[in-house]
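Lettering follows sequence order; numbering is per chain, from 1.
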Number of protein chains: 2
Amino acid sequence: MEVAEKRNEYIHIKNHIAQEVKSNLPLEDTLYNLADLFKLFGDTTRIKILYLLFDRELCVCDIATLLGITQSAISHQLKTLKANKLIKCRRVGKTVFYSLADDHVRTIIAQGAEHLEE
Amino acid sequence: MEVAEKRNEYIHIKNHIAQEVKSNLPLEDTLYNLADLFKLFGDTTRIKILYLLFDRELCVCDIATLLGITQSAISHQLKTLKANKLIKCRRVGKTVFYSLADDHVRTIIAQGAEHLEE
DNA sequence: TTATCATATGAACAATCATTCATACGATTG
DNA sequence: CAATCGTATGAATGATTGTTCATATGATAA
């Protein structure tokens, strides 16, 4: 599609640039997954849970108690976080302990926090 | 509140740990802002826009054409991104060029992409 | 001034999503 | 076995939010 040629060549981007810009875009699928990943950090409850797990593993009911949020709500969110591999868990008897899956979680949140400090 | 003492001391977290974990949590306000920031990255259209702006500034109609999305939709999203200081703009005649506000945007997205490559 | 181009914006609608409620499952204890 | 504890889950609801549509604003050109 002749993007630039439809309009003023001197203001809008030239056609060969348009091609380049477009070809630099990741695949639709990748972009979708990226947005989906960031959505996980876009909820206060989930951010709180992740922060709690920064230093140590915690069981469901402790997370719920510490945050003052329903066990059910926490459990739903833990499921979401686990399905997206941000956290992992291990079972000890009746208790299930959750912890961060990898360091990217810390890094991503840290970068976000840094952006806000300006 | 006596968190741990209500339950089995040997499985659930001890009270002084609970205090420590809680005190390590950022302020409610900060957590809210963090979630709000990540929400911005949690939408495919906004991620696409940001990616387009990685290398160069672009005007509204070019972004819309390149992405195949309505000018109105793009304009709404640009407003959101700008209100949250992820992008900035400059006006040249009728045209408004948008560009990334700082490097955190690139870093945050890069970290997210890295997490997905596993 | 009038026409046109580029962008912005308000309202409405549709879709997404987090929480609640009730209940079920799994494991331990008595 | 029954009772209890910790966790998980499905359905429903309320709230949030991205897009569309119509229209307005701002700037340039004729």
Counting primed atoms, P, OP1 and OP2 as sugar-phosphate and everything else as base, the B/S/- map of nucleotides 21-30 of chain C against protein heavy atoms under 4.0 Å is BB---BBS--
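With respect to the salt-bridge test (charged N to carboxylate O, under 4.0 angstrom), the residues B:Glu20 and A:Arg56 qualify.
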Sort me out a list of protein N/O and nucleotides 13-15 of chain C N/O pairs below 3.5 Å, or just none if empty.
none

In residues 44-54 of chain B, what donor-acceptor pairs under 3.5 Å come from side-chain atoms, sequence neighbours left out?
{"residue": "B:Arg46", "atom": "NE", "partner": "B:Leu40", "partner atom": "O", "Å": "2.8"}
{"residue": "B:Arg46", "atom": "NH1", "partner": "B:Gln77", "partner atom": "OE1", "Å": "2.9"}
{"residue": "B:Arg46", "atom": "NH2", "partner": "B:Lys39", "partner atom": "O", "Å": "3.0"}
{"residue": "B:Lys48", "atom": "NZ", "partner": "A:Glu28", "partner atom": "OE1", "Å": "3.1"}
{"residue": "B:Lys48", "atom": "NZ", "partner": "A:Glu28", "partner atom": "OE2", "Å": "3.1"}

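Whole-Å rounding puts the B:Ile63 CD1 to C:dA6 C1' distance at 13 Å. Protein atom NZ of A:Lys79 is 15 Å distant from nucleotide atom C1' of C:dT19, rounded to whole Å. Atoms CG (A:Asn84) and C1' (C:dC17) sit 14 Å apart, rounded to a whole Å. Here D:dG18 presents its C1' atom at 15 Å from CG of B:Leu67, a figure rounded to the nearest Å. We find that NZ of B:Lys82 is positioned 9 Å from P of C:dA8, with the value rounded to whole Å. In this structure, A:Ile69 atom CD1 and D:dG6 atom P are separated by 19 Å, rounded to whole Å. At whole-Å resolution of the value, CG in B:Leu78 and C1' in C:dA8 are 10 Å apart. Rounded to whole Å, the distance from CG on A:Asp62 to C1' on D:dT7 is 13 Å.
Distances shorter than 4.0 Å separate none of the side-chain N or O atoms of B:Tyr98 from OP1 or OP2 on C:dA6. Contact between the side-chain N/O atoms of A:Gln77 and the OP1/OP2 oxygens of C:dC17 is not found at any separation under 4.0 Å.
In terms of the side-chain contact (heavy atoms from CB on, under 4.5 Å) criterion, residue partners of A:Val60 (sequence neighbours excluded) are, by chain and number, A:Gln71, A:Ile74, A:Leu78, A:Tyr98.
Note on B:Leu116 and A:Val105: same hydrophobic cluster, where clusters join Ile, Leu, Val, Met, Phe, Trp and Tyr whose side-chain heavy atoms are under 4.5 Å apart, directly or indirectly.
In the model, A:His104 has a side-chain atom that pairs as donor or acceptor with a side-chain atom of B:Glu114 under 3.5 Å.
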When you look at A:Phe41 and A:Ile108, which way does the side-chain contact (heavy atoms from CB on, under 4.5 Å) test go after all the steps? CA-CA 9 Å; A:Phe41 296 91; A:Ile108 292 173; 4.1 Å; yes
Show the numbers, then the answer: is there a side-chain contact (heavy atoms from CB on, under 4.5 Å) between B:Lys79 and B:Ser75? CA-CA 6 Å; B:Lys79 186 182 184 182; B:Ser75 203; over 6 Å; no
Walk me through whether B:Leu86 and B:Leu37 qualify under side-chain contact (heavy atoms from CB on, under 4.5 Å). CA-CA 9 Å; B:Leu86 260 55; B:Leu37 172 65; 3.7 Å; yes
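Side-chain contact between B:Asp102 and A:His115 is present, with heavy atoms from C-beta onward closer than 4.5 Å. Proximity of B:Leu66 to A:Leu25: side-chain heavy atoms (C-beta onward) are nowhere separated by under 4.5 Å.
Heavy-atom distances under 4.0 Å link DNA chain D to no residue of residues 27-39 of chain A. Contacts between residues 41-54 of chain A and DNA chain C, defined by a heavy-atom separation below 4.0 Å, involve A:Asp43, A:Thr45, A:Arg46, listed by number.
In this structure, A:Ile74 and B:Cys89 both approach DNA chain C, and ranking their closest nucleotides by distance from the 5' end singles out B:Cys89.
Judged by distance alone, the side chain of B:Thr65 and the main-chain N or O of B:Cys61 form a donor-acceptor pair under 3.5 Å. Counting only distance, with no hydrogens or angles, the side chain of A:Thr80 and the backbone of A:His76 share a donor-acceptor pair below 3.5 Å.
We find the CG-CG distance between A:Leu27 and A:Leu34 to be 11.5 Å, quoted to the nearest 0.5 Å.
In terms of heavy-atom proximity, A:Cys89 sits nearest to A:Lys82 at SG-CE, 3.3 Å.
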